[in-house]
Amino acid sequence: MSATPGFPWFAVWVLALGLLPGLLLAVAGWRGRRLDDHPVCRDCLFDLFGTPRDHPEKPVKCPECGTRREPRVGNRRRSWRLVSAGVLIGVASIAAVAVWGSGRYTATQLATVKPVWLLKWEAVYAGDAGASVALNELTDRVKQGVFMTATADGLVTLAVSRGPAGDPALVSVPRGNDWDKLAVALMRAGHGTDDQRAALGRSLVETWTEVRPTVRVGDPVPIRLRRRNLGPPMNHFTGSGSLYFRYDQPVLTFGEDTSFLGISGSGSLSGTRGSGGDGGWSGTTIRPGPDMPRGLGVGEHRFEIERSFALTDGRGGPVLAEWQQTETVSFTYVPAEGDPIRLFRDPSLGTAIEQAVTVRHRVQSPGLVLEDGQLRGMIDFDRVYADVAYRVEAVFADGQRRHGGDITLRKKPHGHSVGWGINDPPPTLAAGDAVDLVFTPSRDAARDTVDITQILDHAFVIRGVRVEAAP
């Protein structure tokens with residue numbers, strides 16, 4: 001049956017004419033009928049009739065329990081018939097309202113008239129369905145700004161302790177998602193301490209640093225900054241728009257030497273929680289000199305990365321939460337004549353890789369596109385059968401060669417697409433021409449990764465890739 005909006009006047013009249021009289025009847029029966037006018041002890045109900053007063057200015061002392069309080073007047077006898085009748089009338093009234101309301105009002109509509117204390121109790125102790133309704137109603141009230149500051153602050157404390165921030169087992173669980181929804185609404189409304197906001201931020205995204213474990217002496221040290229979304233995308237439980245997670249310029253510490261680790265032109269990286277599950281940002285590199293002390297020799301070297309994070313309300317929006325985290329990482333320098341990258345041969349894998357590669361510039365549009373003096377496209381791998389690192393060059397009809405981007409991929413059971421291009425193709429290149437793409441295994445490209453230690457030694461050429469004009 002569809003829900004019927006409107007104020008539940010039937011319920012009000014039934015409760016007023018049934019529950020209230022029933023309650024009064026039960027109270028009257030419990031209080032009982034007065035039998036006499038004897039003084040009676042208020043604590044133990046001992047009959048004080050005839051008990052001598054031992055102090056002229058104080059109430060008589062009860063000889064049974066020792067209490068000295070002003071006695072009540074009269075012994076009373078409870079009427080269990082009246083108590084039972086009142087309880088039955090009250091229960092019948094509540095049952096009638098429940099039966100009537102269940103066919104006319106949804107749980108969500110009923111939640112709109114519940115007091116805050118009841119919604120909080122349901123959010124904690126009710127089943128998943130009831131908790132979800134209660135949490136969504138509390139979230140709606142936060143967005144409407146109906147809470148006093150003290151009440152809202154209490155809700156933040158509850159969200160931190162009862163949600164994923166306090167219980168990581170609730171990450172990706174529907175109840176946990178609803179707690180996150182409430183917490184984000186409270187943060188957006190300006191509630192919560194700095195520590196509470198930081199705890200909520202940490203519960204939404206996990207970050208860590210990956211460093212290449214083995215590097216030749218004097219070579220740059222590749223670093224990759226990684227993140228993992230905890231729970232669903234943020235636009236799932238914010239209703240509209242997405243929260244953004246920002247990773248500001250890290251501070252790198254070698255012993256007593258400190259420097260900033262550059263990670264992009266803007267000095268920070270950001271991404272929306274709506275962009276997927278496990279993710280990462282483009283890697284960066286520690287270079288001997290400004291980032292790392294010169295003269296480090298063979299062996300293990302440890303350093304600290306102090307990272308600053310912020311959760312913002314949309315791209316470039318106000319900061320909702322900030323926190324810091326320090327991580328100790330290490331790498332090992334090996335002699336310069338050594339090489340941590342191993343090449344291996346496997347003809348069958350080489351053939352499979354070669355057959356898995358195609359070139360396109362749009363969906364189902366093979367070839368490369370020439371636009372604004374740049375040649376670009378996508379190189380698709382239907383499946384990555386082994387760890388690969390390739391230097392990719394374009395060979396033009398006049399024999400000129402241009403190096404585009406390097407390609408490095410870990411072995412994956414599924415496909416992968418890589419953007420590739422050349423900024424300075426020969427000026428004589430025109431739509432309709434064909435180029436050859438030469439794939440050459442590259443240890444140099446592999447050294448710029450944090451996790452590729454061996455690559456497939458298989459070179460190949462894709463011939464006759466057509467150049468298309470920009471659409």
Side-chain angles (χ1 to χ4, degrees), residues 168 194-195 197-199 201-228 230 244-271 278-312 319 321-342 387 389 406 408 410 442-455:
D194 291 343
D195 288 343
R197 289 168 170 263
R202 291 189 186 98
S203 72
L204 298 177
V205 182
E206 178 186 10
T207 65
W208 69 99
T209 304
E210 295 177 348
V211 181
R212 184 165 191 83
T214 306
V215 184
R216 294 189 306 181
V217 168
D219 280 356
V221 182
I223 292 180
R224 182 163 56 198
L225 311 175
R226 299 282 289 175
R227 63 173 170 81
R228 178 184 296 115
L230 303 178
Y244 276 75
F245 175 70
R246 192 179 72 223
Y247 184 173
D248 289 333
Q249 193 172 31
V251 178
L252 187 70
T253 303
F254 271 94
E256 296 181 356
D257 296 327
T258 299
S259 64
F260 287 100
L261 179 61
I263 55 179
S264 70
S266 63
S268 66
L269 297 171
S270 64
D278 289 1
W281 292 291
S282 299
T284 186
T285 300
I286 307 176
R287 301 188 179 278
D291 298 331
M292 183 172 66
R294 297 180 184 274
L296 294 179
V298 173
E300 184 183 38
H301 302 284
R302 294 182 176 273
F303 59 96
E304 289 186 348
I305 294 182
E306 181 180 332
R307 303 174 295 171
S308 298
F309 305 98
L311 195 68
T312 63
V319 174
E322 293 180 292
W323 65 97
Q324 286 75 41
Q325 185 173 334
T326 300
E327 184 177 7
T328 300
V329 293
S330 65
F331 69 94
T332 299
Y333 264 149
V334 298
E337 60 273 13
D339 199 323
I341 306 299
R342 184 177 74 86
D387 291 358
D406 292 335
T408 56
R410 294 297 307 274
S442 172
R443 279 177 163 158
D444 288 337
R447 290 190 197 103
D448 286 337
T449 69
V450 299
D451 48 10
I452 295 179
T453 59
Q454 62 176 5
I455 59 176

Drop me the distance from [X]'s [atom1] to [Y]'s [atom2], to the nearest 0.5 angstrom.
X: Ile223; Y: Asp291; atom1: CD1; atom2: CG; result: 8.0 Å
X: Asp451; Y: Glu210; atom1: CG; atom2: CD; result: 6.0 Å
X: Thr332; Y: Arg302; atom1: OG1; atom2: CZ; result: 9.0 Å
X: Thr214; Y: Ile341; atom1: OG1; atom2: CD1; result: 9.0 Å
X: Phe309; Y: Gln324; atom1: CZ; atom2: CD; result: 9.0 Å

Looking at side-chain heavy atoms only, is the closest gap between [X] and [Y] below 4.5 Å?
X: Thr253; Y: Glu306; result: no
X: Val211; Y: Phe303; result: yes
X: Leu296; Y: Phe254; result: yes
X: Tyr247; Y: Thr207; result: no
X: Arg307; Y: Thr209; result: yes
X: Pro340; Y: Arg216; result: yes
X: Tyr333; Y: Val221; result: yes
X: Asp448; Y: Asp406; result: no

Restricting to non-hydrogen atoms, name the atom on [X] and the atom on [Y] that form the minimum distance, rounded to 0.1 Å.
X: Pro220; Y: Val215; result: O-CG1, 3.4 Å
X: Val319; Y: Ala310; result: CG1-CB, 4.3 Å
X: Ala446; Y: Arg212; result: O-NH1, 3.6 Å
X: Ala198; Y: Trp323; result: CB-CB, 3.7 Å

Query - Thr449 and Arg224: CA distance, side-chain angles, deciding distance, side chain to side chain contact (heavy atoms under 4.5 Å, CB included) verdict - result: CA-CA 8 Å; Thr449 69; Arg224 182 163 56 198; 6.0 Å; no

Query raised in the report: What's the verdict on side chain to side chain contact (heavy atoms under 4.5 Å, CB included) for Arg342 and Thr453, showing C-alpha distance, side-chain angles and the deciding distance?
Result: CA-CA 6 Å; Arg342 184 177 74 86; Thr453 59; over 6 Å; no

Query raised in the report: Salt bridge check: are Asp194 and Arg197 linked by an N-O gap of less than 4.0 Å?
Result: no

